[in-house]
Amino acid sequence: METTITWEVKVKNTPLLIKKCSHCDSDRFYCSDKFRMNAQKKNIDVWLIYRCVKCDNTCNLTLLSRSKPDLIDKTLFHSFSMNDKNTAWKYAFSTEMERKNNLRLDYGSVEYEVIPNTSLEDLLNLSNEVIKIHIKYEFEFDFKLSSLIRRCFSLSANQVKRMFEDGIITISGNKPPQKHKVKDGDMILIQREGLSKSINRSIHDIR
């Protein structure tokens, strides 16, 4: 018998940009959630504006360069014009934008929460043999599965490592869980009985 729980990873901020500021000693910029657009003849350039965390100096990251207006999706063009926050966040988390501008993002600066806050006790109280956890993850930020499990279940790194090795926690598609980075749509499979035995063994080892 199986049951499926959905975990939604909701970010609270965009990753900081790692870049030396030309006006102060800072090396981090935050996303302003605003765009800059410039029209030259029949071409349009679009940038996402970042600001220094210390002095507010600006840094513009290229999104579109010398693009024809009629080739830009109308909804996207409107989002740029209206400084749509959700659109800004999609670009701020984009590895393509990071690569295109030859810069690095500080994913460790991203704060997040998991909804609902399912505890280890909640899972152990279920009667199902296999528990499936479906991941919803709109903005990806280089987030390891081991970190997600540790945070949600308040487990140590060694406990999670042992559960991965024993096959108690796996990922659908036979992906190696140890180094897996969470993706939207991932399905985590948990063997409830094995989970219970592993937790009890850890408590016994502590004693």
Looking at [X], I want to see if its [atom1] is surrounded by more than 12 non-hydrogen atoms of other residues, nucleotides or ligands under 6.0 Å.
| X | atom1 | result |
| --- | --- | --- |
| Lys175 | NZ | yes |
| Glu193 | CD | no |
| Asn125 | CG | yes |
| Lys10 | NZ | no |

Just by distance, do the side chain of [X] and the backbone of [Y] share a donor-acceptor pair under 3.5 Å?
| X | Y | answer |
| --- | --- | --- |
| Arg36 | Val46 | no |
| Thr14 | Ala92 | no |
| Ser81 | Phe77 | yes |
| Asn101 | Thr62 | yes |

Hey, quick one: are [X] and [Y] part of the same hydrophobic cluster, counting side-chain heavy atoms closer than 4.5 Å, chains of contacts allowed?
| X | Y | answer |
| --- | --- | --- |
| Ile199 | Leu189 | no |
| Ile44 | Ile49 | no |
| Tyr30 | Leu103 | no |
| Met37 | Leu48 | yes |
| Leu155 | Phe164 | yes |

Mind checking whether Phe153 and Trp7 have ring centres under 6.0 Å apart?
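Between Trp7 and Phe153, which both carry aromatic rings, the centre distance is below 6.0 Å.
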
Aromatic contact between Phe93 and Phe139, with the criterion being ring centroids under 6.0 Å apart: yes or no?
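Yes - the distance between ring centres of Phe93 and Phe139 falls below the 6.0 Å cut-off.
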
On a heavy-atom basis, which atom in [X] and which in [Y] lie closest, and how many Å separate them?
| X | Y | value |
| --- | --- | --- |
| Ser109 | Asn13 | O-ND2, 3.0 Å |
| Ile188 | Leu148 | CD1-CD2, 4.3 Å |
| Ser198 | Arg162 | OG-CD, 4.4 Å |

Distance-only polar pair, side chains of Tyr50 and Asn57, donor-acceptor under 3.5 Å:
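There is no such pair between these side chains.
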
Does one side chain, of Asp186 or His180, offer a donor that lies under 3.5 Å from an acceptor on the other?
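There is such a pair between these side chains.
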
Salt bridge or not between [X] and [Y]? Use side-chain N to carboxylate O under 4.0 Å.
| X | Y | result |
| --- | --- | --- |
| Lys100 | Glu96 | no |
| Asp45 | Arg66 | no |
| Lys20 | Asp25 | no |
| Arg28 | Asp106 | yes |
| Lys183 | Glu140 | yes |

Ring-face cation of Arg151 near Tyr112 (centre distance under 6.0 Å, axis angle within 45°):
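Yes - Arg151 lies over the ring of Tyr112, closer than 6.0 Å to its centre and within 45° of its axis.
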
Take the angle between the ring planes of Phe35 and Tyr91 and call it parallel below 30°, perpendicular above 60°, tilted in between.
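Taking Tyr91 first and then Phe35, their aromatic rings stand perpendicular (interplane angle over 60°).
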
